[in-house]
Chemist: 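Structure provided below as structure tokens; questions to follow.
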Number of protein chains: 2
Amino acid sequence: MKTTHQERGGWIGAAEGRDMDQTRIARAALSRLFEPLDPVGMLLVEAFGPLEALRIASGQAPADDLAALARVLDGAGRGPAATLQSGTGKAGGGLAAALERWSPRVAHLAPERDLETIARFGGRLVIPEDAEWPVGLTELGTDGPLCLWVRGEEPLPDTERCVAVVGSRDATGYGLSMAGELARGLADFGVTVVSGGAYGIDGQAHRAALTSSGPSVPTMAVLAGGVDRYYPSGHEELLREVARRGHLISELPPGAAPSKHRFLKRNRLIAAMSMLTVVVEARWRSGALSTARRAVDLGRQVAAVPGSVYSANSAGCHGLLRDGAMCVTEAKEAYELIAPAGEGLPEERDTPTKPHDGLSLVDLMVLEALPVRRGSQLEHLAVVAGLSEAEVRAGLGRLSLLGMAERSEGGWRRTREA
Amino acid sequence: MKTTHQERGGWIGAAEGRDMDQTRIARAALSRLFEPLDPVGMLLVEAFGPLEALRIASGQAPADDLAALARVLDGAGRGPAATLQSGTGKAGGGLAAALERWSPRVAHLAPERDLETIARFGGRLVIPEDAEWPVGLTELGTDGPLCLWVRGEEPLPDTERCVAVVGSRDATGYGLSMAGELARGLADFGVTVVSGGAYGIDGQAHRAALTSSGPSVPTMAVLAGGVDRYYPSGHEELLREVARRGHLISELPPGAAPSKHRFLKRNRLIAAMSMLTVVVEARWRSGALSTARRAVDLGRQVAAVPGSVYSANSAGCHGLLRDGAMCVTEAKEAYELIAPAGEGLPEERDTPTKPHDGLSLVDLMVLEALPVRRGSQLEHLAVVAGLSEAEVRAGLGRLSLLGMAERSEGGWRRTREA
């Protein structure tokens, strides 16, 4: 989120504390006034900063100023506004429509009360002007959130150390198990596991990350409603624990209800705050896929966990793999994708070595020609192996050193171990 | 396989028939004299053509000629010879060593008898000079086979219409099922399914392809021993059926025993004769992976079938996916990879449409704000949705046209279907 030069100048200096409070209060108010991704609202904030944007959006600007502004905004607004236009409806539109859209909510604005509420829940409001603002969110540009309502004591983790683990609500046992292993393993590597708090994969990811004794904040739940609302209700205990030991985050103010369009918009925050999004299980159409798409749009990495072709819950993952997502089967493989160069590279997989390993082709050809029971003469071995007698003789020497060939009454044969 | 100008000139013309017979007999003999990929042998054929190569390799060239030749070959031979050098043994080496290697087998040469044998099995010898020589094999260069011993009446299929379906011998039910669906589906598309005749995935691929009533030769088994030997023995019936309705192929003459190094070398033929290699199930180390690697070396496409992360039989497939293999879950997806442009593109997957599909964001926001039971007034809906009253009014109009919103005693509400 860019701030204007004047505003940024204001809070670096003597008046910093007070201006910062004003900015925080203005953003708190705007987060209740605007739905996430309100294009005109975001343009106002971009152009004038949150204080002036609030004055305009709440109808306190003189009519003449508004008229002049409307002409400018309606010209400038096409880019970002277009991101919100889908189908026949148009959430963008001119300033007049926007003011009409916001006006019913003006009477309900009480940002100080909202800030008291979040404080009562042991939380705070984090704004783009704060040092702990996640760097990953800045890449959303004017699609970024106005602020983050945060519960959790630690500073917000670096985007570089965050991995989203997401997937179906109606997960299978396989998906839950994989989500648990990945999330726990990632947290053990010091990664913060980001997810959406939902039933199924999301909840399992939070739960497993909380079992880690890794060095970082284990997990962060990004909600589609206020952080004082536990949604889904069956996850109240889990989300309380996430708030205690990790972070509960929302761009919506306390009390805001989660709704379908807010879930869709929420997914962009999960993607933007994570270096990598891992989809554990997803049906062919799934919210997790929208998170993955947002991650791709942002140039972030996307990985998917493979599963049975016969499981509808893996169909979305296989689609992602076909579209170029990385195949991930264990936490180490996911961590490798975000680890700084040289750190956390997976070791060579352990594979049982076989006695034939490392044999040269000639020795292998001799070994193959050797009978198991009755011994065979050198000349015969040469014919069978298609090698010269000298080559067979040398090969037999090496194989007998390795304990794989031995001389018996009738000639050479393979040992029992070879 | 290149032939010298003189030789090619010889059999285009009046003497074609006889020279062609001579060439065929020479290649038949050489395929018994040389192990597959014998580097010196392949150099001789490359440089002098099969007739002269046979004369030299069987020790019929004057000693002076051989000495001169040895100096030339040992200089030129480093490239191809290097492909066979692994570990400490060296199957290449100079001409003298090669002659010593070949000499034990010279006494056993009887190419006419071998040709009679293959004819008795309803087969024939196909050589690079034949029109039906698979174009894919030419890309192997001097690593190509000297000839193919073929059972099966149809001409060999075009490489462009061949797909290898390979995998573990100790396949799971999942792997067998996937192999069957893929192979049957590919054969239905008119593809020839190439595999190695082994137990497990290979056998299932042949078997399923044979159940197809597709327009092409359904399947081709490339063996590591003579095509008169049914290996593994439990597949005798299957391989007989493949010979009857498809092709049994080997670069080794009748009677040749399969052995480990011949299996490894055989895999290059499966890869080279197929546009695409699909690995259905493979452990972390598996012959199927060597086929896939050869396919990659040849610039052919490689695909893998995903499976449970907990199945060791899918670990090799997941490794391939991580290395960039295409994820394939059904025959159509595999066919798409080799289909000529515009042909066989998978249709959009059927997904049940939901009533919310296609709604604009504004309409969705209005719908979300609508209560299910008691109706709600316009002003209240505007506050809940964060929209202007005009937007809500327009949205309600569209939603009621779609049968998703209705007016009730207390105001607007969602219909039961929405």
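Reckoned from all heavy atoms, side chains included, excluding hydrogens, waters and symmetry mates.
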Chemist: Which pair of non-hydrogen atoms, one from A/Cys327 and one from B/Leu321, has the smallest distance, and what is that distance?
Modeler: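 Closest pair (atom of A/Cys327, atom of B/Leu321, distance): CB-CB, 3.8 Å.
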
Chemist: Which bit of B/Ser177 is near chain A, if near means a heavy-atom gap under 4.5 Å: side chain, backbone, both or neither?
Modeler: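 For B/Ser177, heavy atoms of backbone and side chain both lie under 4.5 Å from chain A.
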
Chemist: Show, in sequence, the C-alpha distance, side-chain angles and deciding distance for B/Arg322 and A/Val328, and conclude whether the side chain to side chain contact (heavy atoms under 4.5 Å, CB included) test is met.
Modeler: CA-CA 8 Å; B/Arg322 290 175 56 73; A/Val328 154; 4.2 Å; yes

Chemist: Kindly compute the distance separating CZ (B/Arg101) from CE (A/Met365), expressed to the nearest 0.5 Å.
Modeler: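 One finds 7.5 Å between CZ of B/Arg101 and CE of A/Met365.
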
Chemist: Over all heavy atoms of both residues, which pair between B/Glu100 and A/Glu389 is shortest? Give the atoms and the distance, please.
Modeler: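 Answer, listing the atom of B/Glu100 first, then A/Glu389: OE2-N, 3.7 Å.
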
Chemist: Highest number of heavy-atom pairs under 4.5 Å with chain A: which of B/Arg262, B/Glu181, B/Glu379?
Modeler: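 Heavy-atom pair counts peak at B/Glu181.
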
Chemist: At a 4.5 Å cut-off on heavy atoms, which part of A/Ser259 comes close to chain B: side chain, backbone, both, or neither?
Modeler: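 A/Ser259 touches chain B through backbone and side-chain heavy atoms alike.
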
Chemist: Look only at the side chain of A/Arg105 and the backbone of B/Val384, and say whether a donor-acceptor pair between them is shorter than 3.5 Å.
Modeler: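 Answer holds: yes.
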
Chemist: Heavy-atom distances under 4.5 Å only: say whether A/Ala385 touches chain B with side chain, backbone, both or neither.
Modeler: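 For A/Ala385, the contact with chain B is made by the backbone alone.
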
Chemist: So which atom in A/His261 and which in B/Leu364 form the shortest heavy-atom distance, rounded to 0.1 Å?
Modeler: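 Of all heavy-atom pairs spanning A/His261 and B/Leu364, the closest is CB-CD2, 4.3 Å.
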
Chemist: So, for B/Pro104 and A/Ala382, which heavy atoms are closest and what is the spacing to 0.1 Å?
Modeler: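 Nearest heavy atoms, B/Pro104 then A/Ala382: CG-CB, 4.0 Å.
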
Chemist: Please classify the contact between A/Met326 and chain B as side chain, backbone, both or neither, with a heavy-atom cut-off of under 4.5 Å.
Modeler: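 A/Met326 touches chain B through side-chain heavy atoms alone.
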
Chemist: Between A/His108 and chain B, which part of the residue has a heavy atom less than 4.5 Å away: side chain, backbone, both or neither?
Modeler: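 The answer is the side chain of A/His108.
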
Chemist: Enumerate by number any residue of residues 303-312 of chain B whose heavy atoms lie under 4.5 Å from heavy atoms of chain A; in the absence of such residues, state 'none'.
Modeler: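 Checking residues 303-312 of chain B against chain A gives B/Val305, B/Pro306, B/Gly307, B/Ser308, B/Val309, B/Tyr310.
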
